[in-house]
Amino acid sequence: MPELPEVETVRRGLAPVAERAEITRIELRRPDLRFPFGDEFVKKLEGRFITGMGRRAKYLLADIDNGQVLVMHLGMSGSFRIERDDDSTRSDNFALPKGIYEKHDHVVFHLKTSKGSTARIIYNDPRRFGFMTLIGRSEISEHPWFAEMGIEPTGNALDGLYLAKKFAGRSAPLKAALLNQKMIAGLGNIYVCEALWRAGLSPKRSAGTIVSKSGKPSKKCAELAIHIRDIISEAIEAGGSSLRDHRQTDGSLGYFQHSFAVYGHEGESCKKSGCSGKVHRITQSGRSTFYCTKCQK
DNA sequence: AGTGGGACCTGTCCGC
DNA sequence: TGCGGACAGGTCCCAC
């Protein structure tokens, strides 16, 4: 599921249950995801309280009352679902009887919520590219995962000037540059394709070529920045995108996938008004890129 | 230093 | 129906 809008949707889904909840028990149903959990993982969390649910780029950050942060990444196929013992609002086909797990349910957090009820947060991840680990609150910013991370694509900091600085002198194609988490953190394959389409920029174009020669932010940089911010905020608003039946924590589907202009639309006509081009699929650094060869230059 | 390719996993879908 | 191959939302590691 997880580019930034999907991870933010997960955060918003987990927060009401997780915040101020006590972790009464953790079931690790296998010893590792992408990395081993480590001997201390369960011991350091059981009996502790979750004080807040945050996010940085595609990482979920659960603040624990022992000064540590439970850092979680969903990889390619990770998802959380919540089972509330006091909840009658779940859709029938999504809820399962207590204690019955599905294939690839790897981690189960048993919680006592701030309202006194019990609930379980269950992490499922078929491909196991996801991971979780504990990091001290004060060490987060120096940790390799975060130290060189670029800005979030959601705020005012992302503008033409920022992109011009990051892209200047870069020969890498725009597609690769935007996927690089050291430039902007949180973008993934889908939203990069979509943002480049909106901006009318070819994913194959060298990133450095949209910076004006003076090094000042060109119109193209400014426009691209706006389109990235727009697409990310629209996707968050829509509850993210649901591909391959991926669901939100309450079992519902995000619906931004219906707004994709190019992603997954190979062979279709370009949706840009006045453009008679077609959407093509190419492979860049081993991943699919969708774009219109006519209006993206 | 920056860039490109492969590796890590499992599931699904498509063509033969 | 069965099988092989391609592909899937991410990130790391290792060559050039």
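The sequence lines fix the lettering, A, B, ..., with proteins before strands; numbering per chain opens at 1.
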Can you tell me the distance, in whole Å, between the [atom1] atom of [X] and the [atom2] atom of [N]?
{"X": "A:Asp125", "N": "C:dG10", "atom1": "CG", "atom2": "C1'", "result": "11 Å"}
{"X": "A:Leu243", "N": "B:dG11", "atom1": "CG", "atom2": "P", "result": "18 Å"}
{"X": "A:Asn180", "N": "C:dG10", "atom1": "CG", "atom2": "C1'", "result": "13 Å"}
{"X": "A:Met183", "N": "C:dG10", "atom1": "CE", "atom2": "P", "result": "17 Å"}
{"X": "A:Asp105", "N": "B:dG11", "atom1": "CG", "atom2": "P", "result": "13 Å"}
{"X": "A:Lys166", "N": "B:dT3", "atom1": "NZ", "atom2": "P", "result": "12 Å"}
{"X": "A:Phe35", "N": "C:dC13", "atom1": "CZ", "atom2": "C1'", "result": "11 Å"}
{"X": "A:Glu266", "N": "C:dC7", "atom1": "CD", "atom2": "C1'", "result": "12 Å"}

SB check [X] [Y] (cutoff 4.0 Å):
{"X": "A:Asp105", "Y": "A:Arg81", "value": "yes"}
{"X": "A:Glu266", "Y": "A:Lys278", "value": "no"}
{"X": "A:Glu22", "Y": "A:Lys112", "value": "no"}
{"X": "A:Arg198", "Y": "A:Glu194", "value": "no"}

Which word best sums up how the rings of A:Trp145 and A:His143 line up, parallel for under 30°, tilted for 30 to 60°, or perpendicular for over 60°?
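Tilted.
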Those residues of residues 132-140 of chain A lying under 4.0 Å from DNA chain C by at least one heavy atom:
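By residue number: none to list.
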A:Asn189 versus A:Lys175, side-chain donor and acceptor atoms under 3.5 Å:
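There is such a pair between these side chains.
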Could you pull out the closest heavy-atom pair between A:Arg128 and A:Ser77, with the gap in Å?
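Scanning both residues, the minimum pair turns out to be N-OG, 4.2 Å.
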Return the minimal non-hydrogen interatomic distance between A:Leu4 and A:Pro153, and the atom names on each side.
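Scanning both residues completely, I find the closest heavy atoms to be CD1-CD, 3.6 Å.
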My understanding is that a pair needs two contacts under 3.5 Å, Watson-Crick or G-U wobble. By that rule, which nucleotide pairs with B:dC9?
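Its partner: none found.
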Centroid separation A:Phe146 to A:Tyr59 less than 6.0 Å:
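Yes, close enough.
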Between A:Gln181 and C:dG10, is there a side-chain N or O to OP1/OP2 distance below 4.0 Å?
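No, no such contact exists.
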Short side-chain N/O contact to B:dG11 OP1/OP2 from A:Ser77, under 4.0 Å:
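No, A:Ser77 has no side-chain N/O under 4.0 Å of OP1/OP2 on B:dG11.
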Which listed nucleotide (B:dT3, C:dC7, C:dG10) is nearest to the side chain of A:Arg287?
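That would be C:dG10.
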Would you kindly compare A:Phe290 and A:Lys58 by the position of their nearest DNA chain C nucleotide and give the one closer to the 5′ end?
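Of the two residues, A:Phe290 wins.
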Using atom P of each nucleotide, how far apart are C:dT11 and B:dA1 to the nearest Å?
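My reading of the P atoms in C:dT11 and B:dA1 gives 23 Å.
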What string of B, S and - do you get for nucleotides 4-10 of chain B 5' to 3' if you count protein non-hydrogen atoms under 4.0 Å?
S---BBB
